[in-house]
Structures are given as structure tokens and as C-alpha cells.
Amino acid sequence: MVTFQFVPYQEIEGLSSAKRINKLLKIVKENKIVLLQGRLKKEEEADLIEITMEEVTEKFKGVELSVIYPEKSREGDMLSKMKSGFMNTLLGDRQGFTVIGPASIIKKIEKNPNKIELFTQEKK
Amino acid sequence: MAFFTTFKRFFSRLFRSKDDLKLGLYGPPNGGKSTLANRICTDWLGEEMSSVSNVPHETREINIKENIIIKNKKGKQLSFNLVDTPGIATKIDYEDFIKKGINEPNAKKRAKEATKGVIESIKWLDQMDSVVVVLDATIDPYSQVNITIIGNLAARNIPVVIAANKVDLKKADLDRIKAAFPQYEVVGISARYGQNMEDFYNELFKLLK
């Protein structure tokens, strides 16, 4: 059985970067797949990889990570781009969602702009 | 914090001697970073820099080759320090190394060193002046590791060129990489066979100008 845990953005928005990452990793280490509303900052994604690597053991082999983000309109007018940039700065980036799961459960996440496929590990 | 980092970077770049430029080779494991480092060093210094292998995470420590000088057809010179970094991954399983024929104690040791290597690579991001992201052109480029590496370089305002490596292989798909990262220069190369290296060096001149 695979368990997903939905994490609304408001649950992490007041946390520091370190606390955000620790909260998400704690869920993953309970063998659950996190479905986070929105996305982490770019630097936080790198920090997530760094902290994951610090915690890798023979049992915990790391994570699979994927950010599903709506394709930004290249044709959008300047005003709507500014509006969305302003809202992201003010409220955090709540668009799209982020999947983070234990590497022992998720084999790979394949995505192209139009679909996402999550492959699970075969039981040994 | 981000503003402070950008500010610090701006001033350190302003006062850094051109001979101190650091060119980083970044990417996922087995993309060919060390093969490219060896190609650059063989072409311009006449000696190799790093050991290479088909087993992922062969490079587990940062390797630096100082003062590489390359020249273009117009006689212009470019000098930089080349930094070959361990591949960045989100998971490391020692059992994968066993499957590649490494015995268990060495596989566990390799896995431990590989995790430290990933951490080092990420920590060194801030030290780089420019980066070549080395991707295996035969593999789907839409991986989160690739996106995170390139996104972090962009967030730090570090100039990037993408080397789509292994174009000598039939499965290589240069257009797929160009489509995945349309805002970046992508050069198709074969670091192993030295294919298209002249175009690659021309891109380095643009990157490090």
C-alpha cells in the first residue's frame, strides 16, 4: 500500500527554510509520499537534496522529487506577469504541486509538460 | 539573505583577478563531467585530470585543475580554474553499486562517499563564476535534479552553458535537451571522442568573457 499525505502551503508558509525541509523529510521518512501544494524556493530544493544526503543510511536511500508547475505563458501580458510575481513574493509560490517520496517506494517520476507518471519499486 | 548573497557575489567578482575564474562542471551522475574535464585538460595541458568509470559516482570529491589557458582562432586567450564536481543525485543506494560488480563493503563505502560528494557539490555552487551543466544526451532531460541544478544557478546569477554529451551515441537527442531548456545555449558534444569541441570552446569564450 502506498500512502500519500497532502500538505497545504499554509502549513509551511510560516516556517523557516530549515523547518520546512525537516517537516517534509519527516513525513517522507515515515514512508509516505508528500503532495505539497505549491513549491519550495529553488535554494530550498537544493537544501532538501543536501539534507537528504546527510540522512542517507542503508535503510533510507534518499528521495524522489518532482515539481509539477503550470507552464508559464510566454505570451502573457506584462501586467499579469507582474501581478503573479508580486503575489508569489507576497504569499509564496502556491501554484502547481511538489511530489516528494522515499526512494525505497518510488522508483522514478517521469514527467513531460503534459503528464506525470509515478513508478513504484517492485517488492523484493 | 538572497540580496546579501547577490551583493557579495557582485563585489567578489568585481575584485577577482581574471586568473581566478572558476568554471564548474555540474550535472547528474554519469553525464560525463569527468570525461569532459579530461578532454579539456588533454586538449590544453596534455594530461588528464580525473578518473572515469561506467559505475555512477566515480567522482566523489571536488577536483580542481588550476590555470587552464585556452585559445581561439582569433588568438584570444582565456584562463580559468576547472572544477570537476561529484554528480548531484537525490538518492544513493549501495545495492546499485553491488549490481555493478562492487563488493558489499566497498559498495557501502562508495555510497557514503557519494552522499558527501553531493553535499560538497551543492556547497560549492556559490564559489562558481560560470558553470557548464553536463547532461547525457541519451537520457530524458526533464529530471528534477537537472531542473534544480539549473534553477539554482539561475537564482545565483551564475552564467550557464549546457553541454549535451554523448552525441556519438544513436539514442542521443539534442533537440529534446534544447526543448527542455530553451533559455540556455546547448552544445552537443562527445567528450569521449572529442566531437564538436571547437564549438564548445567557443561557447566558453562567450560564457567567461
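No experiment lies behind these values; they were computed from the predicted model shown. We name chains A, B, ... by the order of the sequence lines, and we start the count at 1 in each one.
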### Query
Could you give the distance from CD (A/Glu43) to OG1 (B/Thr148), rounded to the nearest 0.5 Å?
11.0 Å
## Note on the structure
Rounding to 0.5 Å, atoms NZ (A/Lys108) and OG (B/Ser143) come to a distance of 12.0 Å
### Message
For B/Glu95, is there an ion pair with A/Lys61 - N to carboxylate O distance below 4.0 angstrom?
### Response
yes
### Task
Could you tell me whether B/Asn54 atom CG has more than 12 heavy atoms of other residues or ligands within 6.0 Å of it?
no
### Task
Run the numbers on A/Ile49 and B/Val118 for side-chain contact (heavy atoms from CB on, under 4.5 Å), then give the verdict.
CA-CA 8 Å; A/Ile49 297 175; B/Val118 174; 3.9 Å; yes
### Query
Does atom NZ of B/Lys116 have more than 12 heavy-atom neighbours, drawn from other residues, nucleotides or ligands, at distances under 6.0 Å?
no
### Task
Carefully, step by step, assess A/Glu54 and B/Ile119 under the rule side-chain contact (heavy atoms from CB on, under 4.5 Å).
CA-CA 8 Å; A/Glu54 281 168 5; B/Ile119 294 167; 3.4 Å; yes
### Query
Quick check: are there more than 12 heavy atoms from other residues, nucleotides or ligands sitting under 6.0 Å from CD of A/Gln5?
yes
#### Entry: Charged N-O contact under 4.0 Å between A/Glu50 and B/Lys123
yes
## Note on the structure
Between B/Ala155 and A/Lys42 the two heavy atoms that sit nearest each other are CB-CB, 4.3 Å
#### Entry: Spatial distance of atom CG (B/Asn152) from atom CD (A/Glu45) [nearest 0.5 Å]
7.0 Å
### Within 6.0 Å of CZ in B/Arg192, more than 12 heavy atoms from elsewhere
no
#### Entry: Verdict with reasoning, B/Gln144 to A/Val67, per side-chain contact (heavy atoms from CB on, under 4.5 Å)
CA-CA 7 Å; B/Gln144 194 57 44; A/Val67 181; 3.5 Å; yes
### Task
Give a yes or no on whether the backbone of A/Val63 and the side-chain of B/Thr90 come within a donor-acceptor separation of less than 3.5 Å.
yes
### Message
Show the nearest heavy-atom pair for residues A/Ile106 and B/Lys91, with the distance to one decimal.
### Response
O-NZ, 4.4 Å
